[in-house]
Amino acid sequence: MDTAILPSTFLLTLLLSVGLFFFIRASTKDRMETAQLVSEQDETTLMPLLRDYFQSRSYRVAAVDPEHNQVTFEGYVRPSWFLAIFLTLLAATGILCLSLVLSFLFPNLNRVFLGMVLLSPLSGTFYWKKAKKLEKVSLKLEQTKSNEHFPSKITVIAHRDELIELQRALSLKNCKS
């Protein structure tokens with residue numbers, strides 16, 4: 001094989017490995033967002049719906065601030081088996097590619113490099129330990145006097161996926177103002 005091909009292939013494989021490392025690390029990143037949503041229902045009907053929704057999603061009421069009309073829910077987020085297995089397979093593929101290139105560069109150590117593939121389950125374990133966490137959702141309910149069609153405005157601080165599911169389940173709209 002041409003001597004210029006191996007170092008360039010090694011460099012590209014190393015760059016892909018760095019990207020894979022950051023991808024695995026980002027799988028546990030906190031993705032909290034704040035959204036302002038409006039509802040066609042008034043506060044007295046909406047609050048029990050919100051409470052029931054979050055209880056059905058295994059959240060419990062952690063704190064209530066009646067002065068500011070704010071409620072904080074909390075619940076444990078379970079890690080995904082699919083994502084743990086997927087990250088392990090990605091790590092195994094990436095380490096295998098890197099070890100193949102390294103075994104071409106250093107033929108004496110090819111068994112050691114191929115043995116590095118056995119480290120790939122660490123990525124699934126890393127995800128599993130970091131993704132299992134206590135998640136908090138904060139709701140602040142307000143009455144809107146300016147909008148007749150949407151009498152209630154909710155400010156929600158939650159995980160991005162939880163916000164999407166909340167909007168879908170309770171037919172809430174994004175606030176335009």
Practice task
Kindly indicate, with the supporting measurements, whether the criterion side-chain contact (heavy atoms from CB on, under 4.5 Å) is fulfilled by K130 and K132.
Solution key: CA-CA 6 Å; K130 294 281 187 175; K132 188 177 178 181; over 6 Å; no

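- Summarising the geometry, atom CG belonging to L90 is positioned 10.0 Å from atom OG belonging to S27; distances are rounded to the nearest 0.5 Å.
- Under a hydrophobic clustering in which Ile, Leu, Val, Met, Phe, Trp and Tyr are joined whenever their side-chain heavy atoms come within less than 4.5 Å, directly or via other members, L89 and V117 fall into different clusters.
- Between the CG atom of L37 and the CG atom of L163 there is a distance of 7.0 Å, given to the nearest 0.5 Å.
- Between the side chain of R78 and the backbone N or O of Y76, no donor-acceptor pair lies under 3.5 Å.
- T45 contributes no side-chain N or O that, together with a main-chain N or O of Q41, makes up a donor-acceptor pair within less than 3.5 Å.
- At distances below 3.5 Å, not a single donor-acceptor pair connects side-chain atoms of Y127 with backbone N or O atoms of T88.
- To the nearest 0.5 Å, the span separating CG on L16 from CZ on F21 amounts to 15.5 Å.
- When every heavy atom of S17 is checked against every heavy atom of G94, the shortest pair comes out as OG-O, 4.4 Å.
- Under the 4.5 Å side-chain criterion, counting only non-hydrogen atoms from C-beta, V38 is not in contact with L172.
- Contact annotation: the side chain of L50 approaches that of L46 to within less than 4.5 Å [non-hydrogen atoms, C-beta and beyond].
- Few gaps surround CZ on F126; more than 12 heavy atoms of other groups in view lie less than 6.0 Å from it.
- Residues E74 and R60 are in side-chain contact: their nearest non-hydrogen atoms beyond the backbone lie under 4.5 Å apart.
- At a threshold of 4.5 Å between non-hydrogen side-chain atoms, the residues Q36 and K153 count as touching.
- Using a distance-only test at 3.5 Å, with no hydrogens or angles considered, no donor-acceptor pair links the side chain of S171 to the main chain of Q167.
- Atoms CG and OG1, from L6 and T13 in turn, are 10.0 Å apart once rounded to the nearest 0.5 Å.
- Minimum interatomic distance between M32 and H159 (heavy atoms only, all atoms of both residues): SD-N, 3.6 Å.
- In the hydrophobic clustering of this structure, L12 does not group with F106; members are Ile, Leu, Val, Met, Phe, Trp, Tyr whose side-chain heavy atoms approach within less than 4.5 Å, directly or through other members.
- Side chains of R31 and K29 form a contact here, defined as non-hydrogen atoms less than 4.5 Å apart.
- Side-chain N or O atoms of T72 include none that pairs as donor or acceptor with a backbone N or O of A62 at under 3.5 Å.
- In this structure, S120 and S123 approach most closely via the heavy-atom pair O-OG, 2.8 Å.
- Linking ILVMFWY side-chain heavy atoms closer than 4.5 Å, directly or via other members, places L109 and L96 in a single hydrophobic cluster.
- To the nearest 0.5 Å, atoms OG1 (T93) and CG (L20) are separated by 8.5 Å.
- In this structure, Y53 is not a member of the same hydrophobic cluster as V77, with clusters built from ILVMFWY side-chain heavy atoms closer than 4.5 Å.
- Between I157 and V137 the shortest side-chain heavy-atom distance does not fall below 4.5 Å.
- Residues F113 and S103 come closest through the heavy atom pair CD1-N, 3.7 Å.
- F54 and Y59 have their aromatic ring centers within a separation under 6.0 angstrom.
- Ion pairing between a basic and an acidic side chain is recognised when a charged N comes within 4.0 Å of a carboxylate O; E162 and R57 show such pairing.
- F23 and L98 fall into different hydrophobic clusters, where Ile, Leu, Val, Met, Phe, Trp and Tyr side chains are chained together by heavy-atom contacts under 4.5 Å.
- For the atom pair L141 CG and T155 OG1, the distance stands at 9.0 Å (nearest 0.5 Å).
- Heavy-atom neighbours of K129 NZ from other residues, nucleotides or ligands within 6.0 Å: at or below the threshold of 12.
- Counting only distance, with no hydrogens or angles, the side chain of T28 and the backbone of R25 share a donor-acceptor pair below 3.5 Å.
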